[in-house]
Amino acid sequence: MIARASQLFLPTLRDAPADAEAANHKLLVRGGFIRQVTGGVWTFLPLGWRVHRKVEQIIREEMDAIGCQEMLMSVLTPLELWQKTGRDFIQEIFRLKDRKGTDYVLPLTHEETVSFHARELQSYRQLPQMLYHIATKHRDEPRPRAGLIRMREFWMKDAYSFDRDEEGLDKSFELQHGAYERIFERCSLNVFGVQAESGMMGGTESIDFLAPAGAGENTLVTCENGDFAADLEVARTMPRIPVFPETMMAPGEVETPNVKTCEALAEFLAIDVAATSKAMPVTTDDGAVVLALIRGDDHVEPAKLDAALGRPSRPSTDEEIRDAFGASGGSLGPVGFAGEIVADDALRAGQFVAGANRDGWHLRGVEAGRDFQPRFADLRESAPDDTCPHCGGKLRFETAIEVGHIFKLGTRYSEPLGARFLDDDGKEKTLVMGSYGVGLARTMAAVVEQSHDELGIVWPASIAPYDVHIVQLLGAEEVAAQAAEKLSAAGMDVLLDDRDLRPGEKFADADLIGIPIRVTAGKKSLEDGAVDVRARGTGAERRVPLADLVASI
RNA sequence: CGGGGCGUGGCGCAGCCUGGUUAGCGCGCUAGUCUGGGGGACUAGAGGUCCCGAGUUCGAAUCUCGGCGCCCCGACCA
């Protein structure tokens, strides 16, 4: 088909809106792909919607290819369904009432609804099943941000698998995993599938698909040798080995006046900061004060700490610390502390300087197992000078966009919603579920983040709004029309810029919009009965006779 | 929710501190002339609840109070 730019609703802008920071935000707005309606809520203009639909179609094809069946579930959902799974208290849910006062939610995902339907699966003979839909989701985000990266209304593909048992779930999960890799590959998006926290979804295992980008909310940690990738929140990397002072037979007190930080402590005692330990008292939701202990040069990763504790926690107040330790922050330590102690794995071996639980004093030569009895866990935040746990290689930290997330849910939803089936042993069992999500707009935004230059977007051919962009210059209207016809007849979608604008403006718009191939028809090429074909990505241009145009592309 | 910034034609901004003609500039838009392979030139135009409300004042874009919205950092987070 041929779209004439003179008739398109394609409002390109010379300047980006002042409030745009992220590349995807600036370029998609400038290029006339999207417009913001209100915070975190966007309209996809014709060009943007074409890209969105191409992403959608790729996802659809890959889902269909693994036997996942498309359907469409409602947006408006009775709150009652969410009360059954206990997710009705989630802050991010949009709620509303109808005229009779009945409560509804606009779902964040569709586990509840799909499980409601899965109650019609009654026999193991009907399993496994995989269902998906591509629809709008809503989240009352506390802070939408960065263009299409965190929206309050967005399209998601969410798929759900139903199996007899864990083994079946593993297979479904692997099928989806493979499909996800093909989806992002086809979108020319560089992604890393990494182990992740399951967050509010519950369940046992999950894989996050992180696309490195200039803007994003996750931090991706990768090894220079390509054998390690993880989300910072769960990354286990190798800390450097400390320089320990002389080993001591028993802890020895040392007066440390006005020393409040590990850095100051190390300097005062003239030792390696990594040979000190840092006490972080936290109070859990049941009111207990727990001592989290990490190395002096480390930071606590809150997600890891909560996972290790098995319950949420917050930093203890000064009063709680006084009561539990008899000392104040800066002199706290594990020796003599009566409560639960969780120590980072980095403290398993070696002797560290720790707070003495006496203001202004520390203990040298404190050894886990001998001087206090901790439970060990991975608590530390991975640091830039850590090394790869597999090969010792250097690590790279970069911001990334979470474009997809797949979960092994187990019976988290099927149980409360009563989605059961009769197995071949005649026993009634609960369906074992998985759920698999991709954000379409996020994928689009991530592609822009990864593929642009100072002039604009560089779309991969698979999701470009059009296949070819013809720039028609004065005096070459006829050739441009012929070129458009030929390309269209060959099955390509053509954007024909027939607007009465200066050449410079048309070229600038073409660069901004980022269609992979640009064909220029103007007086220069006219003399040769030819057009100029240019690749947006490389800038390489060559003159091609009209007759050879289709073949050359 | 905490911290910071901003709100003036479609976009980018000035004016506000120190209240006072028709609220200005660049880009864009309309008409015309020239021009025509990287955002050209000239001429003439159109387009504004100065975020909203209340107050102070003879007089408010400007000062005061209250509210709303947007952006960034953090908290939060399929």
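Small disclaimer: the values here were computed from a predicted structure and weren't measured. Below, chains carry the letters A, B, ... as their sequence lines are ordered, and counting in each starts from 1.
The interatomic distance linking A/Asp231 (CG) with B/rA78 (P) rounds to 11 Å, in whole Å. B/rA75 atom C1' lies 16 Å from atom CG of A/Asp140, rounded to whole Å. In this structure, A/Leu210 atom CG and B/rA78 atom C1' are separated by 12 Å, rounded to whole Å. Rounding to whole angstrom units, CZ of residue A/Arg412 and P of B/rA78 are separated by 12 Å. In this entry the distance linking CD of A/Glu301 with P of B/rC76 reads 10 Å, nearest Å. Atom pair A/Glu111:CD and B/rA78:C1' shows a separation of 9 Å (rounding to whole Å applied). At whole-Å resolution of the value, NE2 in A/His110 and P in B/rA78 are 18 Å apart. Rounded to whole Å, the distance from CG on A/Asp453 to P on B/rG38 is 18 Å.
Pair assignment for B/rG69 gives B/rC6, based on Watson-Crick or G-U wobble hydrogen-bonding distances that are each under 3.5 Å. Checking B/rU43 for Watson-Crick or G-U wobble geometry (two distances, each under 3.5 Å) identifies B/rA31 as its partner. Here B/rG12 sits opposite B/rC25 as a Watson-Crick or G-U wobble pair (both hydrogen-bonding atom distances under 3.5 Å). For B/rG19, there is no paired base (Watson-Crick or G-U wobble, both distances below 3.5 Å). Across all strands shown, B/rC1 is found opposite B/rG74 as a Watson-Crick or G-U wobble partner, with both distances under 3.5 Å.
Considering only side-chain atoms of A/Phe407, the nucleotide from B/rA78, B/rG37, B/rG40 that sits closest is B/rA78. Side chain of A/Glu92, nearest nucleotide from B/rA78, B/rC77, B/rG39: B/rC77. When the nucleotides B/rG37, B/rG39, B/rA78 are ranked by their closest atom to the side chain of A/Glu402, B/rA78 comes out on top. Of all nucleotides listed (B/rG38, B/rA78, B/rC70), B/rG38 comes nearest to the side chain of A/Arg518. Minimum atom distance to the side chain of A/Asp158 is reached by B/rA78, of the listed B/rG36, B/rG37, B/rA78.
Cation-pi geometry between A/Lys137 and A/Phe154 is not satisfied (NZ or CZ under 6.0 Å from the ring centre, within 45° of the ring normal). A/Tyr466 carries A/Arg50 over the face of its six-membered ring, with the cationic atom under 6.0 Å from the centre and within 45° of the normal.
Taking the C1' atoms as reference points, B/rG4 lies 22 Å from B/rU8, given to the whole Å. Taking atom C1' on both nucleotides, B/rG69 is separated from B/rU49 by 16 Å, rounded to a whole Å. Comparing the P positions of B/rG66 and B/rA75 gives a spacing of 29 Å, expressed to the nearest Å. The P atoms of B/rG45 and B/rG59 are separated by 35 Å, rounded to the nearest whole Å. Taking atom P on both B/rG19 and B/rC58, the two are 15 Å apart, rounded to the nearest angstrom. Between the P atoms of B/rG74 and B/rG38, the separation comes to 43 Å (whole Å). Remark: the separation of the C1' atoms in B/rG48 and B/rG15 is 15 Å, to the nearest Å. Annotation: B/rC6 and B/rC13 have their P atoms spaced 12 Å apart (nearest Å).
Residue whose closest nucleotide on RNA chain B sits further toward the 5' end, between A/Ala22 and A/Asp511: A/Asp511. Ranked by how close their nearest RNA chain B nucleotide is to the 5' end, A/Gly504 and A/Glu21 are led by A/Gly504.
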What's touching nucleotides 1-11 of chain B from the protein side, N or O pairs under 3.5 Å?
none

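Residue-level contact check: A/Glu141 touches neither bases nor backbone, having no heavy atom under 4.0 Å from any strand. As judged by a 4.0 angstrom heavy-atom cut-off over every strand, A/Arg442 is placed among residues making no nucleic acid contact. In this structure, A/Gly522 reaches the bases: a heavy-atom distance under 4.0 Å links it to at least one base atom across the strands shown. Residue A/Lys523 is in base contact, counting any heavy-atom pair closer than 4.0 Å across all strands shown. Using a 4.0 Å heavy-atom distance criterion, A/Gln36 is classed as a sugar-phosphate-only contact. The residue A/Leu501 sits close to a base: some heavy atom pair falls under 4.0 Å.
Proximity of A/Thr38 to the phosphate of B/rC70: a side-chain N or O atom is located under 4.0 Å from OP1 or OP2. For B/rG37, neither phosphate oxygen OP1 nor OP2 lies less than 4.0 angstrom from any side-chain nitrogen or oxygen of A/Gln472.
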Show, in sequence, the C-alpha distance, side-chain angles and deciding distance for A/Asp498 and A/Ser6, and conclude whether the side chain to side chain donor-acceptor pair (under 3.5 Å) test is met. CA-CA 6 Å; A/Asp498 59 343; A/Ser6 61; 2.8 Å; yes
Assess the residue pair A/Thr109 and A/Arg87 against the criterion (side chain to side chain donor-acceptor pair (under 3.5 Å)); give the C-alpha distance rounded to whole Å, side-chain angles, the decisive distance to 0.1 Å, and a yes or no. CA-CA 11 Å; A/Thr109 69; A/Arg87 289 210 301 169; 3.0 Å; yes
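In summary, the aromatic rings of A/Tyr436 and A/Phe407 are positioned with their centroids too far apart to meet the 6.0 Å limit. Between A/Trp459 and A/His452, the ring centre distance reaches or exceeds 6.0 Å.
The NZ atom of A/Lys54 sits 11.5 Å away from the SG atom of A/Cys187 when rounded to the nearest 0.5 Å.
Within a 6.0 Å sphere centred on CZ of A/Arg4, other residues, nucleotides and ligands contribute 12 heavy atoms or fewer.
In this structure, A/Trp49 and A/His52 have parallel ring planes: the angle between them is below the 30° cut-off, well short of the 60° mark.
No side-chain donor from either of A/Lys157 and A/His133 sits under 3.5 Å from a side-chain acceptor of the other.
The base of B/rG40 sits with one of its N or O atoms less than 3.5 Å from a complementary donor or acceptor on the side chain of A/Arg502.
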